[in-house]
Amino acid sequence: MNLTERELITKASLLRGITLGELARQYELTVPSNTIKSKGWVGELLELALGATAGNRSVPDFESLGIELKTLPLTAQLQPKESTFVCSAPISNISASDWESSSVCKKLDKVLWVPFEADTSIDISLRRVGNIFLWSPSSQDIQILKRDWEEHMETIALGQIEEIDGRRGEYLQIRPKGYSSKDRTKTFDLDGAPLMSNPRGFYLRTLFTRKILEN
DNA sequence: TATTGATCATGC
DNA sequence: GCATGATCAATA
């Protein structure tokens, strides 16, 4: 049942132009009337359609291929509309790690991008899937991502998590990630003393996914 | 109006 | 609570 990379790409290419409504019908899913209560729906639909197997385990969507699936919502101008969540930021333990062994690096090693129409004027069931493509970061991309990651991790290691905001990082930013701003998770302050803080996640800026899309 | 900060759903 | 999947909405 495990597809080869080539088979996956072929399968993905067949989805070009299909509407979310058509795809949902194939899997007997109901198209949500709005995305506010169904934020992850498109991602889950594409996981089904392409046979991703990871569920909510912390492994790539296509485990045997080491490929991560990411939907990429587009504006009416076919530009990326939103930043892309990568993974949560480790703020609770100072696990001495380097870029190569980081979750961010592993997640972005191979990504199957699924661009799709996300302009709100289009009915959800009529939004079309675009040209799905397999991508890996270029060496220049990696240089910048690695630098961003190292700067964020150093700030966290110094116990300055509260200083971090979404303005930091050229390609990779850190923003809140949780159920609400009241969410708290364990971390530490600049003296190493325990502190409760808002959970955060790593996100790719739209500036970066726009560059990806252009190539 | 682009970006940062806040939020929604589900499974275990 | 944290992993998965993200988009909404206030504000600069």
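Proteins come first, then strands; the chains are lettered A, B, ... in the order of their sequence lines, and each starts at number 1.
Atom CZ of A:F85 and atom P of C:dC2 are 12 Å apart (whole Å). In this structure, the CD atom of A:E82 is 15 Å from the P atom of B:dA6, given to the nearest Å. Between the C1' atom of C:dG5 and the CG atom of A:L48 lies a distance of 12 Å, rounded to the nearest Å. The separation between A:L45 atom CG and B:dT10 atom P is 16 Å, rounded to whole Å. Rounded to an integer number of Å, the gap from CG of A:L204 to C1' of B:dT3 is 15 Å. In this structure, A:L20 places its CG atom 12 Å from P of C:dA6, rounding to the nearest Å. The CD1-P distance, from A:I124 to B:dC8, rounds to 17 Å in whole Å. Rounded to whole angstrom, the span from the CD atom of A:Q77 across to the P atom of B:dA2 amounts to 9 Å.
Using a 4.0 Å heavy-atom criterion, one finds that A:D61 contacts the sugar-phosphate atoms exclusively. In this structure, A:T84 reaches neither bases nor backbone, as no heavy-atom distance under 4.0 Å exists between it and the strands shown. Counting any heavy atom pair closer than 4.0 Å across all strands shown, A:Q79 reaches no nucleic acid atom. Counting any heavy atom pair closer than 4.0 Å across all strands shown, A:K182 reaches no nucleic acid atom. Note on A:S83: a base of the nucleic acid sits closer than 4.0 angstrom, heavy atoms only. Looking at heavy-atom distances under 4.0 Å, A:G40 makes contact with a base. Contacts of A:F208 with the nucleic acid, taken as non-hydrogen atoms under 4.0 Å apart, are absent. Note on A:P199: nothing from the nucleic acid sits closer than 4.0 angstrom, heavy atoms only.
Take the nearest nucleotide of DNA chain B for A:R167 and for A:G178: the residue whose nucleotide is more 5' is A:R167. In terms of position along DNA chain C, the nucleotide closest to A:M196 lies nearer the 5' end than the nucleotide closest to the other residue of the pair A:R175 and A:M196. For the pair A:T120 and A:C87, both in contact range of DNA chain C, the more 5′-proximal nearest nucleotide belongs to A:C87.
Picking from B:dT4, C:dG5, C:dA3 the nucleotide with the shortest atom distance to the side chain of A:S58 gives C:dA3. Closest to the side chain of A:S181, from the set B:dT7, C:dT7, B:dC8, is B:dT7. When distances are taken from the side chain of A:N56 to each of C:dT7, B:dT3, B:dG11, the shortest belongs to B:dG11. The side chain of A:T71 approaches C:dA6 more closely than any other nucleotide in the set C:dA6, C:dG5, C:dC8.
Here A:R205 reaches the OP1 or OP2 of B:dT4: one of its side-chain N or O atoms lies under 4.0 Å away. Checking the phosphate oxygens (OP1, OP2) of C:dC8, a side-chain nitrogen or oxygen of A:T35 falls inside 4.0 Å. Here A:Q173 reaches the OP1 or OP2 of B:dT4: one of its side-chain N or O atoms lies under 4.0 Å away. Proximity of A:Y179 to the phosphate of B:dA9: a side-chain N or O atom is located under 4.0 Å from OP1 or OP2. Checking the phosphate oxygens (OP1, OP2) of C:dA3, a side-chain nitrogen or oxygen of A:S88 falls inside 4.0 Å.
Residue A:L29 is grouped with residue A:V129 when hydrophobic side chains (ILVMFWY) are merged at heavy-atom distances under 4.5 angstrom, including chains of intermediate members.
Of all the heavy atoms in A:T35 and A:R127, the pair that sits closest is CG2-NH1, 4.3 Å.
The pair A:E5-A:K110 meets the salt-bridge criterion, with a side-chain N (NZ, NE, NH1 or NH2) lying under 4.0 Å from an Asp/Glu carboxylate O. Using a cut-off of 4.0 Å between Lys/Arg side-chain N and Asp/Glu carboxylate O, A:E170 and A:R205 are scored as not salt-bridged.
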side-chain contact (heavy atoms from CB on, under 4.5 Å), that's the test. Do A:L145 and A:F208 meet it? Break it down for me.
CA-CA 10 Å; A:L145 290 167; A:F208 182 50; 4.1 Å; yes
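Shown here is A:E100, whose CD atom has more than 12 heavy atoms of other residues, nucleotides or ligands within 6.0 Å.
Side-chain atoms of A:K70 and base atoms of C:dG5 include no donor and acceptor less than 3.5 Å apart. Judged by distance alone, with hydrogens and angles left aside, A:K81 brings no side-chain donor or acceptor close enough to the base of C:dT7 to form a pair under 3.5 Å. For a distance-only test at 3.5 Å, the side chain of A:K37 fails to qualify as a donor-acceptor partner of the base of B:dT7.
Between A:E162 and A:S197, the side chains place a donor N or O and an acceptor N or O closer than 3.5 Å (distance only, hydrogens not considered).
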